[in-house]
Structure formats: C-alpha cells, structure tokens
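Shown next, in structure tokens, is the structure this report addresses.
In this text, all values refer to a predicted model and were calculated from it rather than measured experimentally.
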Amino acid sequence: MKCENCTKTECSKKKKTEENGEILDAPALADGEEKSEFHRLAEAKIFLSDCLACSNCVTSEEGAKIFAQNQKELFKVLNLNKKCDSSLHKLVVASVSPQSVPYFAVKFHLSVCEAAKKLCGFLKSLGVHHVLDTTIAADFSILETQRDFIQRFRRQTQDEHAFPMFASACPGWVQYAERVLGDSVTPHICTAKSPQQIMGSLVKGYFASSKNLSPDKIFHLMVAPCYDRKLEALRDDYYTELFNCRDVDCVLTSGEVMQIMEQKNISVKEMEEIPLENVFGETSFEFVRHEGTSSDGYLAHVFRHAAKELFDMDVQEISYKALKNKDFLEVSLEKDGETVLRFAAAYGFRNIQNMVLKLRKGKFHYHFVEVLACPGGCLNGKGQAQSTEGKVERALLHEMEEVYTRVPIQKPESNPHIQALYEDWLQGADSQKTRETLHTRIVASAQSAARLDMKW
C-alpha cells in the first residue's frame, strides 16, 4: 500500500520495551507459549493504512519526539522523585482517557468501574501522585463544539466555510487535514481543543494553581488508546515558553501501560483498588461516559443541542442510517416536512477520503460531521486494539464495545463543576480566557497538497 506523500510501501518501527531506563528486546517465546502484551507491542508494526507517518504528516524530528514518549520518560521522573535533591522533584499526574479503561476491563475480566480503580492503584504503586478522570475535559470539548456549531449556523449566509463543520477531537484527522488536505478543509474544522489537550490546560493551569505549583513542576502523563495522541501533545499550541513545558508531557497508550504491568509481573489481585480523582481533588466513585458507543459522542450531543437551541425540538432517540458501510452514518432532523439538520459520522480514512472528494465537488451537504481516523472509533485505537500484523483484534474490540456501553451516560451540561469553572477559572463562557484556554488554531501547512486518488 502506498501513501501519496511517501515512496515507501510500508512504514514500520520495531517497538522496544524498557525497564529501569534500559531498552530491551522482547525475550523469545517458548514453544506453544501465548504472546503477551509485552511481545505483542515489541513486534508491533505501523502500517500506512493505520497511521500518518509519511513525510507530509510527521517530520523526522517529530518522529524522534514521538518515539521518546515512552515508559523510560515516565520512570526517569519517578526515579528523580526518589533522589534527595527536591529541586528536581515533580508532582506526577496521570490522566486516563475513558476509551482506554474498557481495554483494561476486558484484559482484567472486570467491569469498567473496577478496572479504573485497579489502573489507578497500579499507577500510584509506581509513584504517580494523582490519577485523574478526564470526563470533565470531554464535557468542555463537547460544550465548546456545540457553541461553535450554533455560531456557524447563525452566520452561515455570511461564511462560506461555516458548513460542513468537522469535529476536531481526533488528532490523526486534524493532522491529516492540516498537512495534506490544506485550506480547502481546515476552515471547516471546529477549533475546540480535544479532551486530551483541555485536560492538559486543566492540569497545568487550574490544578497546578490549586497546588501552588508552577506548570513546569508537574509531570503530566496521559493514558490514551492511540499513538496519534503522542503527536498531538507536541503541537506548538500546547507548549508554554515561559515555563518551558508542555500541557501533556508524555502519552502512553493503553497497551504500553499493560506492558509495564507485565514487566512488573504484578497480578490483578495484587493491585489495590483506588478511585480516580477529579481536578478538584475529589474521588470519582462512579465511572461515567458520554453518549458515543466507542468515542465521546460528539454527533449525538451536538445534534440534540442544535435541535433544541435552533428549532425548539427535544430529540429523545437518534436514528442512525448506515450508508456505504457501518462507519459512515447519517442522522437528520425534520420539521414541517423539511430537513433542517443533516449530521454524519465518518470513521476511517476510506470514508474520510470519500467525504473530502464530495466536499470538493460541492456534493457533501451536511451541517456537522464527527470525523475519526480509526474505523470503529476511539476504542479501536491502534495503541490497544491492533494485532502484530497491523489488523484489528475484532474479538477484543467487540468485548470493549460491550463493556463500554454498560457504563452510565452523563450529559456534559449536567456536570455540576462545569459552570463553576467557566465562571471562576475562565472568567465566563464567552471570555477571551475561555477562547485561549479551550480552543486552538487549525492551520493548513504551506506544503499541503493532497492527491485524493490514493486507496486506503
């Protein structure tokens, strides 16, 4: 398979495992021995159909920085915290993506809530000080996306780029749009930060302030389902020159964390159960999710909000219509016999390519599209659901979807802390600080030049 921006037919990197700062190759398997996560990751290959690691999307410098985001970086900080020189000490904070926890639930044969507590207990046993639930960051991201959509709808006659509006939560999609698709697509992308990077702002901003610490005195680890999150953490927008630090210092995929567990040779029974915390220091006894069955459900939340805000219609059930495949879904709202809203979900690069082709031909008539690079959504992130051959582990994905749908749903508007943070931390929902803290810039690369004849 050949990418339009790379002469190689396959990009692959041998995953290494590390312990105590030493890089190790995976040990040989005995005859008949089943591959563990340790071996699976050590042999993992990145295929161009699954990632964006070509010359237009990832530079060699970025590639080196991505590869440096590994457990060695985490243990370097944890080991420094054991030294006598307190000037080198950092508060280690881990934020856990909601889509990562089902992976551990399936691996541990536990409920999602129980798995979250076990994961928290394990990370704290390593020396992590705080393990945070990221639901509030997704709440902010969804609410800001809803606000952006309403504003675009009301100015659509004056703004040719108002629609379709594309969601911005997936870093793989955003990177592809900026560096390959260019300015025919980027103005259509919502500027709301992803949950990961809003969590970065919360941890290095609000949480640091509450602990009387400067941002550089916190090491912020993110546990996420995909490798693209590592690249997202490196964006220039998320670096603070004043303190010489990033909002997210290191991203480890779910599989990489499982690898550490296997290296430590610790059983699930030995892991202490500790509830996740929120940024206020309170423990979260119930693990909740948003409406999406495999992601944060931007389509559903924005659709319901727009129906009420623009047309005073309460939408109870959303009927999804699968078009070419199960990863391209359509939802519409009718009023007085007229279709007033048309939304879609486009998962995977085949659907993204078709979407962009239609957009450039003027035949893509949607108001909002939830775009995700991974077919099947975030649960299918390549950091937790990919086999050694670069294919989806379908049985694992199916089990993750099952346990995830059992998690209670919470609407972003119902989070009691959101309004308080808007007023006390961000100086109001419409303030300049809210804009600077919860939004980013989506800018086309000067070299972007997409060929849309490639086959994913």
Side-chain angles (χ1 to χ4, degrees), residues 58-59 61-70 72-74 76-78 80-81 86-97 128-132 134 136-141 144 168-169 171 174-175 178-179 189-224 228-252 277-281 421-422 424-429 431-443 445:
V58 181
T59 65
E61 181 183 359
E62 287 171 332
K65 289 180 179 179
I66 291 169
F67 194 62
Q69 290 187 58
N70 51 39
K72 181 179 180 180
E73 193 69 16
L74 170 62
K76 177 183 175 182
V77 175
L78 294 176
L80 282 174
N81 281 348
S86 60
S87 67
L88 300 176
H89 293 184
K90 291 192 177 187
L91 187 74
V92 182
V93 178
S95 298
V96 179
S97 166
V128 174
H129 299 105
H130 299 277
V131 183
L132 305 183
T134 63
I136 194 167
D139 288 339
F140 271 124
S141 184
E144 289 302 305
S168 56
V174 172
Q175 185 85 342
E178 286 183 319
R179 299 197 182 183
I189 300 176
C190 176
T191 59
K193 287 182 182 178
S194 73
Q196 170 175 297
Q197 294 309 137
I198 289 180
M199 199 66 197
S201 297
L202 281 164
V203 169
K204 293 295 182 87
Y206 180 84
F207 190 75
S209 178
S210 71
K211 298 292 182 183
N212 293 315
L213 293 171
S214 61
D216 58 312
K217 298 303 290 183
I218 291 180
F219 182 83
H220 186 200
L221 168 72
M222 176 65 67
V223 180
D228 286 338
R229 294 291 172 191
K230 295 174 184 276
L231 182 60
E232 180 181 30
L234 297 174
R235 288 176 67 95
D236 291 341
D237 315 40
Y238 308 141
Y239 170 77
T240 304
E241 187 174 4
L242 177 63
F243 296 102
N244 187 29
C245 70
R246 297 191 176 278
D247 295 343
V248 176
D249 296 292
C250 179
V251 178
L252 292 182
E277 303 170 53
N278 60 26
V279 291
F280 302 96
L421 282 171
Y422 267 126
D424 302 336
W425 178 47
L426 297 171
Q427 302 165 7
S431 71
Q432 182 64 25
K433 186 174 182 181
T434 292
R435 190 75 192 169
E436 292 171 353
T437 305
L438 303 183
H439 289 258
T440 186
R441 295 177 297 111
I442 310 294
V443 182
S445 166

Where do R229 and A169 come nearest, in terms of heavy atoms and distance?
NH2-O, 3.0 Å
Apply side-chain contact (heavy atoms from CB on, under 4.5 Å) to the pair M222 and M199, showing each step before the final yes or no.
CA-CA 9 Å; M222 176 65 67; M199 199 66 197; 4.1 Å; yes
What is the distance from atom CG of D139 to atom OG1 of T134, rounded to the nearest 0.5 Å?
9.5 Å
Enter the distance from L132:CG to L202:CG here, rounded to the nearest 0.5 Å.
9.5 Å
Heavy-atom distance under 4.5 Å between the side chains of L80 and K90, does that happen here?
no
Verify, without hydrogens or angle tests, whether E178 (side chain) and S445 (backbone) share a donor-acceptor contact under 3.5 angstrom.
no
Compute whether any side-chain donor of one residue and acceptor of the other, for Q432 and E436, lie under 3.5 angstrom apart.
yes
Does K433, at its NZ atom, have more than 12 non-hydrogen atoms belonging to other residues, nucleotides or ligands within less than 6.0 Å?
yes
Donor-acceptor pair, S141 side chain versus A138 backbone, under 3.5 Å?
no
Can you give me the closest heavy-atom contact between V128 and L78, atom names plus distance?
N-CD2, 4.1 Å
Are F140 and L421 packed together at the side-chain level, in the sense that at least one heavy-atom pair is separated by less than 4.5 angstrom?
yes
Is R235 close to V174 at the side-chain level, that is, under 4.5 Å between some pair of heavy atoms?
yes
Ion pair K204/D249, N-O distance below 4.0 Å
yes
Check: L91 and F207 side chains under 4.5 Å, non-hydrogen atoms
yes
Nearest 0.5 Å please: distance from the CG atom of D216 over to the CG atom of N244.
8.0 Å
Any donor-acceptor N/O pair, H129 side chain to V93 backbone, under 3.5 Å
no
Under 3.5 Å donor-acceptor, S168 side chain and A192 backbone
yes
To the nearest 0.5 Å, what is the distance between CD (E232) and CD (Q175)?
9.5 Å
Backbone N/O of T434 and side chain of S431: donor-acceptor pair under 3.5 Å
yes
In terms of side-chain heavy atoms, does Y239 have a donor or acceptor partner in D247 at a distance below 3.5 Å?
no
Sidechain-backbone polar pair: K230 side chain, Q69 backbone, donor-acceptor under 3.5 Å
yes
Got I198 and I136 here, is their nearest side-chain heavy-atom distance under 4.5 Å?
no
Between K193 and S201, do the side chains contain an N or O donor and an N or O acceptor separated by less than 3.5 Å?
yes
Applying side-chain contact (heavy atoms from CB on, under 4.5 Å) to N81 and F219, what does each step give before you reach the verdict?
CA-CA 11 Å; N81 281 348; F219 182 83; over 6 Å; no
Flag, side chain of D424 to backbone of Q427, donor-acceptor distance under 3.5 Å:
no
To the nearest 0.5 Å, atom OG1 of T440 lies from atom CZ of R435 at 10.0 Å
Work out which heavy atom in K217 is nearest to a heavy atom in S86; give both atom names and the distance.
NZ-O, 4.5 Å
Quick one: pull up NE2 in H439 and CG in D237 and give me the separation to the nearest 0.5 Å.
13.0 Å
I'd like to check I218 versus L213 (side-chain heavy atoms, cut-off strictly below 4.5 Å). Are they in contact?
yes
Heavy-atom side-chain contact between E144 and T191 under 4.5 Å
no
In the structure I gave you, are the side-chain heavy atoms of V279 and W425 within less than 4.5 Å of one another anywhere?
no
Apply the side chain to side chain donor-acceptor pair (under 3.5 Å) test between S95 and each candidate in H130, H220, Q196; give the one that qualifies.
H220
Given the rule in the side-chain contact (heavy atoms from CB on, under 4.5 Å) test, do L234 and I66 qualify, once you have shown the distances and angles that lead to the verdict?
CA-CA 8 Å; L234 297 174; I66 291 169; 3.8 Å; yes
